[in-house]
> 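I have a structure I would like to understand better, so I am pasting it below and will then ask my questions one at a time.
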Amino acid sequence: MFYAFKDFEKKETLLIGLFKKSRLYGKAEEIDRLLDGQLSQLLKDGDVSSKKTKVSKIFTPSLQGVKRIYIVGLGREAEFTFEDAKQCFAEAVQQIHKDRKQELTVMLDSFVSEEVPAADAAHALAESCMLSCYEVQDYKHRANVPDQCLQSVYVLTDHDLKEIQASLHVGQVYGNATNSARTLVNMPGNMLTAADLASYAAELAAKYEFECEILEKAEMEELGMGGLLAVNQGSEEPPKMIVLKYQGKETWDDVIGLVGKGITFDTGGYSIKTKSDIVGMKSDMGGAASVLGAMEAIGELRPEQNVLAVIPSTDNMISGSAMKPDDVIVSLSGKTIEILNTDAEGRLALADGLTYAKHHGASVLIDVATLTGGVVVALGTETTGAMTNHDPLYQQVRQAAEEAGEAIWQLPITEKDKKRVKNSQMADLNNSPGREGHAIMAGTFLGEFAERTPWVHLDIAGTATTAQSSCFGPKGGTGVMVRTLVTFVERFSDQL
């Protein structure tokens, strides 16, 4: 889709960036010269703006071979950042996509600044193209009209073509993987069961030559996966414990374990959700989607790391056999758990997932889950909650999130928090000590299963979906944390 070249081949649609300057310069000046000063006159008249993210379109009958030019304002060059580049590209490309243009030439060097070198600009362009052009795969009937969308982007630059092409590839991979996670999150629960999720993972494994293991219910019973099995008790759909292994080193050590919550629909069980809260619970497998999206990108980029993905998957339904408040279960770790809230089911499945990841040799653990409404109350819908038992590992995750442009914020785990999750007359742990600090209680509970293994918990309950469309795509699944996980894996240092 992306092609870097040095010579200006005139295409019908052209995109240039415009910094806030007293006069045109660089590629913009070159285009203005070809247009006999038309661009500078439009800028002077206020018909074209250099205000950040402002997109203008002009038609160019005087420039042979170029029918239209899209101009996106970049603001002040000294203030222009990588995140600004992504947003400006997204705003412009989304407009071009809506206009159903199939080819685009981008004057990449017009987006380059001291803070944003050409390679970063190329990454930003490709990633933003994929995200901003994403459309929800729905089930509406439509007229049989051929779809027209952006298919080819030609990138004009004076910089090293090999480096630019490589950055374009990475950006495209990041965007595609995020979109794959979005599509999974958007799928209805009756079309994405645990078995469907396992089939999807198996297809990824076949495509990228991952080792794949999918445990069936009988195997889980034999191993004693009481957490995941308890959540599945009320369901007619069988549970799946999904494992993917990517070996990027000669030996299976320094293994990064990614554990994703795969609850394909969550009724809350007997602690049933309200009629409004239950809508949208098809997205309760957002953590699994993030992990699978990350594995797709890892399969494409082939980093020199060992990565293990573990996804405990089921739905959480109500029936005569469903788990009940006051039940006591035995997890894979051997720890007993008193069920005080059947809607606190994700942590039960993840408890077995974390333990099983350690059984497979995980040296560090990152779990991703749409875990608690409490994190939405605490941090809103733009920031992912994070908790850890190992600050050096968390700092690597935080830096990866910052580089990926995905906000996270650390919540504490105290000794008093640990006492609260151990406060049970009947078992080693209880799964829901109360509403106060609910997000922290969930993370603290998971920490009991990470034990001494360095671990970071990412609660994406507020960020896995969005109710608002933006320049990066429509409302629905966001694919949050895919880019953070991939960046973390690529940058991972085992010197913890």
Side-chain angles (χ1 to χ4, degrees), residues 170 173 177 201-202 204-215 219 223-225 241-262 287-288 290-312 331-335 350-369 386-401 403-404 446-458 481-496:
V170 173
V173 167
L204 275 185
K207 181 176 181 179
Y208 296 114
E209 299 181 332
F210 299 148
E211 185 180 332
C212 180
E213 176 189 46
I214 298 172
L215 295 184
E219 295 169 294
L223 289 170
M225 292 185 173
M241 180 65 84
I242 303 163
V243 179
L244 298 177
K245 288 183 179 180
Y246 164 76
Q247 187 165 340
K249 296 182 175 182
E250 289 187 8
T251 57
W252 187 247
D253 50 21
D254 300 323
V255 178
I256 301 167
L258 306 179
V259 183
K261 175 185 171 184
S290 297
V291 168
L292 289 171
M295 292 304 291
E296 176 185 322
I298 288 164
E300 289 283 349
L301 299 174
R302 317 301 292 185
E304 294 182 2
Q305 303 286 0
N306 292 328
V307 185
L308 168 74
V310 176
I311 296 169
S331 68
L332 177 61
S333 71
K335 294 178 181 179
L350 286 170
D352 284 350
L354 289 166
T355 301
Y356 201 53
K358 290 194 295 181
H359 286 185
H360 275 282
S363 307
V364 299
L365 293 165
I366 301 174
D367 79 76
V368 191
M387 299 173 68
T388 190
N389 64 1
H390 197 276
D391 192 62
L393 177 64
Y394 171 73
Q395 291 305 323
Q396 288 195 40
V397 175
R398 183 192 62 76
Q399 289 166 13
E403 185 174 338
L446 293 178
E448 293 297 315
F449 298 89
E451 298 177 315
R452 294 181 179 276
T453 304
W455 156 80
V456 171
H457 162 59
L458 298 171
M481 291 295 112
V482 169
R483 289 163 289 163
T484 292
L485 293 178
V486 180
T487 303
F488 168 81
V489 168
E490 289 195 300
R491 307 281 188 270
F492 176 65
S493 169
D494 58 10
Q495 303 300 312
L496 296 173

> Any heavy-atom pair between the side chains of Ile311 and Leu292 that's under 4.5 Å?
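Leu292 vs Ile311: side chains touch.
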> For the residue pair Glu448 and Glu451, what are the closest heavy atoms and their distance?
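That closest heavy-atom pairing would be O-CG, 3.2 Å.
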> Using side-chain heavy atoms (C-beta onward) and a distance below 4.5 Å, is Leu258 in contact with Val310?
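They are not in contact (no side-chain heavy atoms under 4.5 Å apart), so the answer is no.
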> Nearest 0.5 Å, please: how far is OG in Ser331 from CG in Leu354?
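Answer rounded to 0.5 Å: 10.5 Å.
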> Is there a side-chain contact between Phe488 and Ile256, using heavy atoms and a 4.5 Å cut-off?
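SC-SC contact between Phe488 and Ile256 confirmed.
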> For the residue pair Ala294 and Val482, what are the closest heavy atoms and their distance?
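That would be N-CG1, 3.8 Å.
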> So, the side chain of Lys245 versus the backbone of Trp252: is there a donor-acceptor pair under 3.5 Å, distance only?
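Side chain of Lys245 to backbone of Trp252: no pair is present.
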> If you compare all heavy atoms of Gly262 against all heavy atoms of Ala288, which two are closest, and at what distance to 0.1 Å?
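Answer, listing the atom of Gly262 first, then Ala288: CA-CB, 3.7 Å.
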> Got a sec, which residues hit side chain to side chain contact (heavy atoms under 4.5 Å, CB included) with His359, two or more places apart in sequence or on another chain?
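Applying side chain to side chain contact (heavy atoms under 4.5 Å, CB included) to His359 gives Leu332, Thr355, Tyr356.
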> How close do Cys212 and Ala202 get, heavy atom to heavy atom, and via which atoms?
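Reported closest heavy-atom pair: SG-CA, 4.1 Å.
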> Is it the case that Glu209 and Tyr246 place a side-chain donor and acceptor less than 3.5 Å from each other?
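No, no side-chain donor-acceptor contact under 3.5 Å.
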> Rounded at 0.5 Å granularity, tell me how far CG in Leu458 sits from CG in Leu485.
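That separation rounds to 7.0 Å.
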> How would you list, by chain and number, every residue that makes a side chain to side chain contact (heavy atoms under 4.5 Å, CB included) with Ala404, sequence neighbours excluded?
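Side chain to side chain contact (heavy atoms under 4.5 Å, CB included) check on Ala404 returns Glu406, Arg483, Thr484, Thr487.
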> When rounded to the nearest 0.5 angstrom, what is the spacing between CG in Asp391 and CD in Gln396?
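Nearest 0.5 Å value for the CG-CD distance: 11.0 Å.
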> Should Lys261 and Val368 count as side-chain neighbours, where that means a heavy-atom distance under 4.5 Å?
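Sidechains of Val368 and Lys261: no contact.
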> Test of understanding: with side-chain hydrogen bond (donor to acceptor under 3.5 Å, both in side chains), list the residues that count as partners of Gln305, not counting sequence neighbours.
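Per chain and number, Gln305 pairs via side-chain hydrogen bond (donor to acceptor under 3.5 Å, both in side chains) with no residue.
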> Does Leu308 reach the side chain of Leu244, with side-chain heavy atoms less than 4.5 Å apart?
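They are not in side-chain contact.
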> Are Gln247 and Glu211 packed together at the side-chain level, in the sense that at least one heavy-atom pair is separated by less than 4.5 angstrom?
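A side-chain contact under 4.5 Å is absent here.
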> Where do Tyr208 and Glu300 land on the side chain to side chain contact (heavy atoms under 4.5 Å, CB included) test, with the steps shown first?
CA-CA 7 Å; Tyr208 296 114; Glu300 289 283 349; 2.7 Å; yes
> When you look at Val456 and Met387, which way does the side chain to side chain contact (heavy atoms under 4.5 Å, CB included) test go after all the steps?
CA-CA 6 Å; Val456 171; Met387 299 173 68; over 6 Å; no
> Say you draw a straight line from CD of Glu296 to CZ of Phe210; how long is it, rounded to the nearest 0.5 Å?
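It comes to 9.0 Å.
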> What distance do Met225 atom CE and Ser333 atom OG have between them, rounded to the nearest 0.5 Å?
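Those atoms lie 11.5 Å apart.
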> Please examine the side chains of Pro454 and Leu365, heavy atoms only from C-beta on, and report whether any two atoms are closer than 4.5 Å.
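Of all side-chain heavy-atom pairs linking Pro454 with Leu365, none is under 4.5 Å.
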> Kindly compute the distance separating OG (Ser290) from CG (Asp367), expressed to the nearest 0.5 Å.
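These two atoms lie 11.5 Å from each other.
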> Check for me whether Lys358 meets the cation-pi criterion with Trp455, that is, NZ or CZ under 6.0 Å from the six-membered ring centre and within 45 degrees of the ring axis.
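No, Lys358 does not sit over the ring of Trp455.
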> Going by an N to O cut-off under 4.0 Å, is there a salt bridge joining Glu403 and Arg491?
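So Glu403 pairs with Arg491 through a salt bridge.
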> Would you call Lys249 and Asp254 a salt bridge, taking side-chain N to carboxylate O under 4.0 Å as the test?
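Salt bridge between Lys249 and Asp254, a charged N being under 4.0 Å from a carboxylate O: yes.
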> Could you tell me which non-hydrogen atom of Pro312 sits nearest to which non-hydrogen atom of Gly353, and how far apart they are?
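Answer, listing the atom of Pro312 first, then Gly353: CG-CA, 4.3 Å.
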> Is there a side-chain contact between Glu213 and His360 in this structure, where contact means two heavy atoms from C-beta onward sitting under 4.5 Å apart?
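Side chain of Glu213 against side chain of His360, heavy atoms only: contact under 4.5 Å found.
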> If you look at every heavy atom in Val291 and Ala309, which pair is closest and at what distance?
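Taking every non-hydrogen atom into account, CG1-CB, 3.6 Å.
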> Just to verify, which of Asn306, Ile298, Leu301 counts as forming a side chain to side chain contact (heavy atoms under 4.5 Å, CB included) with Val489?
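Testing Val489 for a side chain to side chain contact (heavy atoms under 4.5 Å, CB included) against Asn306, Ile298, Leu301 leaves exactly one candidate, Ile298.
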> Would you find a donor on one side and an acceptor on the other, under 3.5 Å apart, between the side chain of Asn389 and the backbone of Thr453?
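Yes; at least one donor-acceptor contact below 3.5 Å.
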> In terms of side-chain geometry, is the basic nitrogen of Arg302 or Glu490 positioned less than 4.0 Å from the acidic oxygen of its partner?
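A salt bridge is absent here (no side-chain N lies under 4.0 Å from a carboxylate O).
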